[in-house]
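Notes follow the structure.
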2 protein chains.
Amino acid sequence: MKTRSGEAAFLARYRPADYPRPSVTVDLVILTVIDAELRVLLIQRKEHPYKGSWALPGGFVRVGDGDDQGEDLDAAAIRELGEETGLGPRTKPMYLEQLHTFGRAGRDPRMRVITVAYFALVPPDLAPLVVAGGDAAHAEWVAIPSLRKLAFDHAEIIRTALTRVAAELDRIASKLVPSTFTIPELRSVYTLVTGQPQDPGNFRRRFNRLVEDGVIEKAAGKRITSSKPATVYRFTG
Amino acid sequence: MKTRSGEAAFLARYRPADYPRPSVTVDLVILTVIDAELRVLLIQRKEHPYKGSWALPGGFVRVGDGDDQGEDLDAAAIRELGEETGLGPRTKPMYLEQLHTFGRAGRDPRMRVITVAYFALVPPDLAPLVVAGGDAAHAEWVAIPSLRKLAFDHAEIIRTALTRVAAELDRIASKLVPSTFTIPELRSVYTLVTGQPQDPGNFRRRFNRLVEDGVIEKAAGKRITSSKPATVYRFTG
DNA sequence: ATAATAGTGTCTATTAGACAATATCCT
DNA sequence: AGGATATTGTCTAATAGACACTATTAT
């Protein structure tokens with residue numbers, strides 16, 4: 001009784017169940033570029049609610065109250081990303097960033113669910129491997145413009161992700177091109193993400209500044225297309 | 001039994017408690033400018049853990065699984081903001097924006113707690129009313145540079161908020177000045193938040209562009225200081 | 001040869017930044 | 001009168017945007 005007001009005694013007295021708790025999930029907006037289209041990885045729901053609708057991949061965050069409080073939020077997102085894409089830490093790590101947390105009451109009719117949304121960017125050369133991988137056998141790369149009815153508030157989550165990606169494009173465009181790429185290829189990423197046509201000349205001028213600054217460097221070879229071949233570059237670092 | 005595979009039957013069968021759940025809170029980084037200092041509203045903890053340390057105001061999100069799933073995340077933040085500042089919807093609404101969600105395992109030793117952090121901006125003329133209000137009688141406006149040991153991961157949360165506010169300053173600086181203000185007053189907000197001295201002439205030029213664009217307009221009167229009085233402006237809209 | 005696209009050059013307008021100089025007010 | 005600060009002005013460099021033009025390849 002001597003530690004009556006001590007920290008250990010206080011923590012032992014604490015009743016974790018005093019307040020009702022929500023379920024917490026992570027949902028992933030996984031983006032890539034395929035066939036000159038911006039696409040998002042979606043799964044088709046096989047259970048109610050929203051049976052048959054497209055939905056974002058995601059899952060519950062593993063938590064606990066004891067000595068093991070479970071996994072970090074970011075770890076949960078990384079784990080889900082690996083499970084859904086089949087691309088683990090062995091392959092090139094993909095870009096992953098927390099987006100926003102959505103917690104509207106009633107967004108899931110079963111129970112109160114708060115979801116921490118992340119977005120991930122997959123380089124186009126890895127995208128074909130994804131639909132073949134593990135849990136994602138039932139997943140598809142769906143083009144953004146062709147999005148129809150989505151489960152829950154996932155349409156809003158995707159909209160939020162697209163706005164963020166467009167706003168931060170200069171910082172993250174490198175994650176949406178293969179390891180080597182041409183100026184027109186990077187330009188097409190900008191065109192797709194911003195929805196605005198990019199002037200070839202002006203884009204090239206900005207691109208060359210990145211080369212001067214050492215952010216981008218020339219790589220070997222030329223990219224053969226149906227017209228004049230283009231010089232190949234890579235991001236340094 | 002006829003609706004065996006129907007949605008209603010499925011939802012009835014669903015067991016919300018199948019996965020362990022974390023506690024979810026909202027924490028608030030409430031910022032203002034007092035005496036030419038950027039300050040954050042903190043409370044001194046009266047209980048373990050971190051007894052005696054400064055901490056961000058915040059509280060549990062009210063949730064449920066039944067017909068009433070509780071309050072929205074944003075609503076919880078607005079409610080806490082009102083409770084802590086004593087400034088309700090009656091007064092000028094303050095700026096409030098979701099910041100980031102922090103969920104590291106072990107960040108609260110009692111139990112697994114995931115917190116959705118928000119930041120709020122209080123115009124300096126309302127700041128003095130805050131420490132007098134309701135639950136916030138035990139709260140204080142603490143200058144950023146003098147922050148010592150903070151509870152939980154609240155130091156990291158504040159750092160994240162300051163980075164965000166600095167990055168978005170053009171968009172939100174209007175929330176950190178009184179309803180009428182002078183060019184040097186707005187300039188001092190920029191100086192405080194960015195930590196960089198702002199050239200008077202160059203700042204004025206940018207300011208005048210906002211006037212030309214109708215974002216800012218002249219107000220009546222002059223601000224009397226210890227030297228030459230300055231013209232008073234206000235944000236339109 | 002022609003279509004298509006890579007790549008270059010030019011012009012204008014806008015903006016940031018450094019910095020000098022002047023104007024106006026309080027004490 | 002003197003100090004402080006509001007206010008104006010000037011110069012340079014960097015950048016965005018529109019747009020005409022040339023070069024090189026596949027077919």
Side-chain angles (χ1 to χ4, degrees), chain A residues 33 35-37 124 166-171 173 177-178 180-235, chain B residues 33 35-37 124 166-171 173 177-178 180-235:
Chain A
V33 173
D35 293 342
E37 285 181 318
E168 305 280 301
L169 192 50
D170 284 344
R171 187 166 57 85
V177 289
T180 65
F181 56 93
T182 66
I183 298 183
E185 282 166 6
L186 186 62
R187 182 165 71 94
S188 96
V189 168
Y190 271 75
T191 304
L192 291 172
V193 173
T194 66
Q196 302 294 321
Q198 302 288 315
D199 180 273
N202 296 336
F203 188 88
R204 173 174 302 271
R205 185 152 29 87
R206 286 176 49 194
F207 188 99
N208 284 333
R209 270 199 292 273
L210 295 180
V211 176
E212 288 166 19
D213 295 347
V215 179
I216 292 175
E217 65 185 6
K218 236 181 202 163
K222 292 264 179 181
R223 182 81 84 242
I224 307 301
T225 71
S226 66
S227 76
K228 175 176 178 180
T231 307
V232 176
Y233 297 84
R234 78 166 67 86
F235 279 92
Chain B
V33 173
D35 293 343
E37 286 182 318
E168 305 281 299
L169 192 51
D170 284 344
R171 187 167 57 85
V177 288
T180 65
F181 56 92
T182 66
I183 299 184
E185 282 166 5
L186 186 63
R187 183 166 70 96
S188 95
V189 168
Y190 271 75
T191 303
L192 291 174
V193 173
T194 66
Q196 302 294 323
Q198 302 289 314
D199 180 90
N202 296 336
F203 188 88
R204 173 174 302 272
R205 184 153 30 89
R206 288 176 47 193
F207 188 99
N208 283 333
R209 270 200 292 273
L210 296 180
V211 175
E212 287 165 21
D213 294 347
V215 179
I216 293 175
E217 65 185 8
K218 233 178 203 165
K222 292 264 180 182
R223 183 79 87 241
I224 306 303
T225 71
S226 65
S227 74
K228 177 178 175 180
T231 307
V232 175
Y233 296 85
R234 77 166 68 87
F235 278 92

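Since this is a predicted model, take the numbers as computed values, not measurements. Throughout, a chain's letter reflects where its sequence line sits, starting with A, and its residues are numbered from 1.
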Over how many whole Å does the gap from [X] atom [atom1] to [N] atom [atom2] extend?
X        : N      : atom1 : atom2 : answer
B/Arg204 : C/dG17 : CZ    : P     : 18 Å
B/Asn208 : D/dG9  : CG    : C1'   : 13 Å
A/Phe181 : C/dA6  : CZ    : C1'   : 16 Å
A/Arg205 : C/dG9  : CZ    : P     : 12 Å
B/Phe203 : C/dT15 : CZ    : C1'   : 15 Å

Sub-4.5 Å side-chain heavy-atom contact between B/Phe207 and B/Val211: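 Touching, per the 4.5 Å side-chain cut-off.
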- request: Answer yes or no: is there a side-chain heavy-atom contact under 4.5 Å between A/Gln196 and A/Thr191?
  value: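 A/Gln196 vs A/Thr191: side chains apart.
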task: Find the distance between CG (B/Leu192) and CG (B/Leu169) and round it off to the nearest 0.5 Å.
output: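 It comes to 10.0 Å.
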task: Calculate, to the nearest 0.5 Å, the distance between atoms CD1 and CZ belonging to A/Ile216 and A/Arg234 respectively.
output: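 Atom-to-atom, A/Ile216:CD1 and A/Arg234:CZ are 11.5 Å apart.
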task: Taking all heavy atoms of B/Pro124 and all of B/Pro178, pick out the closest pair and write down the distance.
output: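 Closest pair (atom of B/Pro124, atom of B/Pro178, distance): CD-N, 3.8 Å.
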message: For a quick test of reading the model, state the closest non-hydrogen atom pair linking B/Phe235 to B/Val177 and the distance between them.
response: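 In terms of heavy atoms, the two residues are closest at CE1-CG2, 4.1 Å.
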field: Close approaches to DNA chain C from residues 183-202 of chain A, in residue order (heavy atom, under 4.0 Å)
entry: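 Hits under 4.0 Å, by residue number: A/Pro184, A/Gly201.
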- prompt: Among residues 209-233 of chain B, which residues get a heavy atom nearer than 4.0 Å to DNA chain D?
  reply: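 Residues of residues 209-233 of chain B that come under 4.0 Å of DNA chain D are, in numerical order, B/Ser227, B/Lys228, B/Pro229, B/Ala230, B/Thr231.
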- prompt: Could you give all pairs that pass the salt bridge (charged side-chain N to carboxylate O under 4.0 Å, His left out) test and reach residues 202-215 of chain B, with sequence neighbours left out?
  reply: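 Passing the test, one end in residues 202-215 of chain B: B/Asp170-B/Arg206.
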field: Plane angle bin for B/Tyr233 and B/Phe181 - parallel if under 30°, tilted between 30 and 60°, otherwise perpendicular
entry: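 Geometry flag for B/Tyr233 against B/Phe181: tilted rings.
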